[in-house]
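This report concerns only the one structure given below.
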There are 2 protein chains.
Amino acid sequence: MNSQTSVNTSMARRARMLDVIRQQGFVSIPELRDSLEVSESTIRRDLESLEESGEARRTHGGVFYTGSVTTVRQFQRGNPNDGAWDKKRAIALEAAKLVNDHDTVLLDGGSTTYELAKQLVGRPLQIVTNSLPVANLFSASDSVDLVILGGAIHNRTGVTHGPFTDQMLETINVQKAFLSVAGVNEKGFYNSNLLLVETERCMMRSADRTIIVADSTKFGRSSLARMLEWNQVDTLVVDEDLSTLWRDRIDELDTNLILAPLNNSQDTHSNSIS
Amino acid sequence: MNSQTSVNTSMARRARMLDVIRQQGFVSIPELRDSLEVSESTIRRDLESLEESGEARRTHGGVFYTGSVTTVRQFQRGNPNDGAWDKKRAIALEAAKLVNDHDTVLLDGGSTTYELAKQLVGRPLQIVTNSLPVANLFSASDSVDLVILGGAIHNRTGVTHGPFTDQMLETINVQKAFLSVAGVNEKGFYNSNLLLVETERCMMRSADRTIIVADSTKFGRSSLARMLEWNQVDTLVVDEDLSTLWRDRIDELDTNLILAPLNNSQDTHSNSIS
DNA sequence: CGAATGACGATCAAAAACGATCAAAGTAAG
DNA sequence: CTTACTTTGATCGTTTTTGATCGTCATTCG
């Protein structure tokens, strides 16, 4: 349809700029020019604004990040025609069967867990989540008790994270936690954001059972930060496109593997497996 | 011509436009022109109307979505001709003037603070809120750092409250807190929910300045739980329908009173708090 | 200590976006 | 069929944003 990544407004650019600065800690102006594809003049003007707001501090030759650990961006919630969508939905259908009525369930952010949340709407549950989109799904429902994990919103994904979130998780206990990942390899499970990973570790500690939902494209890909190791995960829900190589590997571990059928025949969901 | 497939009325077009805006959070005018296949002039006119009705907010280079999220049971805008709604928006306009760029602002739940939030979308701010609808407003914005107060969701209103929320507020400090009320009488300010009131007291303690937004119909009405007393409130923003009796009463107190003009005339005096 | 390289800030011109105005096309009423 | 009214598209002048140039200042190296 239309271009996906480039949003041509100064605010969006400054947010992306701040993302780069935060991620690297210190960046030179030519680096910013290359990564944002605008002139250095524009960079300087933006930095002036960012310094004004205290989110960055300029020095000779570059910028330091000084802001708090937040920035907000949330764009389109994925392309409807994306092929991965079917996988996510298939996974969500299987994962929903793991939830019993009146369970207390923790839902991480991410498109797959969002699909799972859609499947859970209307059922009598206690839901704990750090995801704003997920919270919206349940906020209109009378059948669920909804608890939101507070904290700073990570714009791209619309989830809270950071110390506030972690602190709140320490006093919470849930029966099942559904976590999403950005990558899986033989060492464990990865996500892209350091603070988010720390929050997800706290989620794992708060849960009796940790269930990972991940489509098959995530396998063999790592990311910035390792979130969990294999022995920390009780159950893994993947679509059936998972290679036999990985299936064999997982068979040798304690982790329980559930394969979601991609055949999009409406299977009459007989829910409730424990 | 063929009125069956392509509905070319302005209402239908605006509805589709709003769909696109809601889905993407932020859209540029050329994008809207391409996806709706009308001229940019028409887009601008429609956006003007949409902004007038409060469903979107324009900035340089595009539009933000500010309408209600479909899944959230919103405070009913109820009667289109409801006079109270004009009052709320007039109050919101005045209250928005109290906010400076790069302020840290706490926004309570409630219809009036929601209107205020709409006015603040697109400005560079740090926002702390316990309201899910308010959080949704800002989650698409690049210019704000958004922090959500965790806790249990109060179904009717979509705000978090309870001990989690209060605990989180203890470690937060904001410059200005905007609180809404259900009633005001000579003893102080009231709300209907006990736990909510306790949370709002915590909000007041976390803020350098406490600003109450309340339309004139709230005056003389009490409610279940007293939230604050008069001397705890720095500033009060009310519409100009407030009776002279109350104006005189407030004059004798320390509380600063701001009257919001109800007709849409451009008022010249700009009041700002540093 | 002084020249050279690079970074910074200011200024100016081009480009994009905006608002207002006007004419054309379409619609409803008489 | 004509007239009044609304809606749409296009144009123009103005404002905002962006990119490039140039003089000045700082840091480095000889």
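Predicted, not measured: the structure shown is a model, and the values here were computed from it.
- A side-chain donor from one of Asn136(A) and Asn136(B) sits under 3.5 Å from a side-chain acceptor of the other.
- Side-chain contact check for Asn191(A) and Glu200(A): at least one donor-acceptor pair (N or O, by modelled atom type) lies under 3.5 Å.
- For Leu32(A) and dC8(C), the CG to P distance is 11 Å, given to the nearest whole Å.
- For the pair His154(B)/Thr160(B), no side-chain contact is recorded, criterion being any heavy-atom separation below 4.5 Å from C-beta on.
- Between the CD atom of Glu40(B) and the P atom of dC12(D) there is a distance of 16 Å, given to the nearest Å.
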Write out a two-atom table: protein N or O, nucleotide N or O from nucleotides 25-30 of chain D, distance below 3.5 Å.
none

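- Using modelled atom types and a 3.5 Å distance limit, the side chains of Ser28(B) and Glu31(B) yield a donor-acceptor pair.
- Listed in residue order, the members of residues 42-51 of chain A having a heavy atom less than 4.0 Å from DNA chain D are Thr42(A), Arg45(A).
- Residue contacts shown for Arg33(A) are absent, as no nucleic acid heavy atom lies under 4.0 Å away.
- Salt-bridge check for Glu198(A) with Arg201(A): passed, with a basic side-chain N closer than 4.0 Å to an acidic carboxylate O.
- Remark: C1' of dC8(C) and CZ of Arg57(A) are 18 Å apart, rounded to the nearest angstrom.
- Comparing Pro30(B) and Ser41(B) by the nucleotide of DNA chain C that holds the closest heavy atom to each, the one mapping nearer the 5' end is Pro30(B).
- Under 3.5 Å, the side chains of Ser49(B) and Arg14(B) contain a donor-acceptor pair of N or O atoms.
- Here Glu115(A) does not pair with Arg89(A) in a salt bridge; the nearest charged N to carboxylate O distance is not below 4.0 Å.
- Remark: Arg13(A) is in phosphate contact with dT18(D), judged by side-chain N or O atoms under 4.0 Å from OP1 or OP2.
- Salt bridge status for Arg44(B) with Glu48(B): absent, with no side-chain N to carboxylate O gap under 4.0 Å.
- Atom CZ of Arg14(B) and atom P of dT6(D) are 14 Å apart (whole Å).
- Rounded to an integer number of Å, the gap from CZ of Phe26(A) to C1' of dA7(C) is 12 Å.
- Within 4.0 Å of Thr59(A), counting heavy atoms only, lie sugar-phosphate atoms of the nucleic acid but no base atom.
- Side-chain polar atoms of Thr113(B) and Asp108(B) form no donor-acceptor pair below 3.5 angstrom.
- Between the CD1 atom of Ile29(B) and the P atom of dT16(D) there is a distance of 16 Å, given to the nearest Å.
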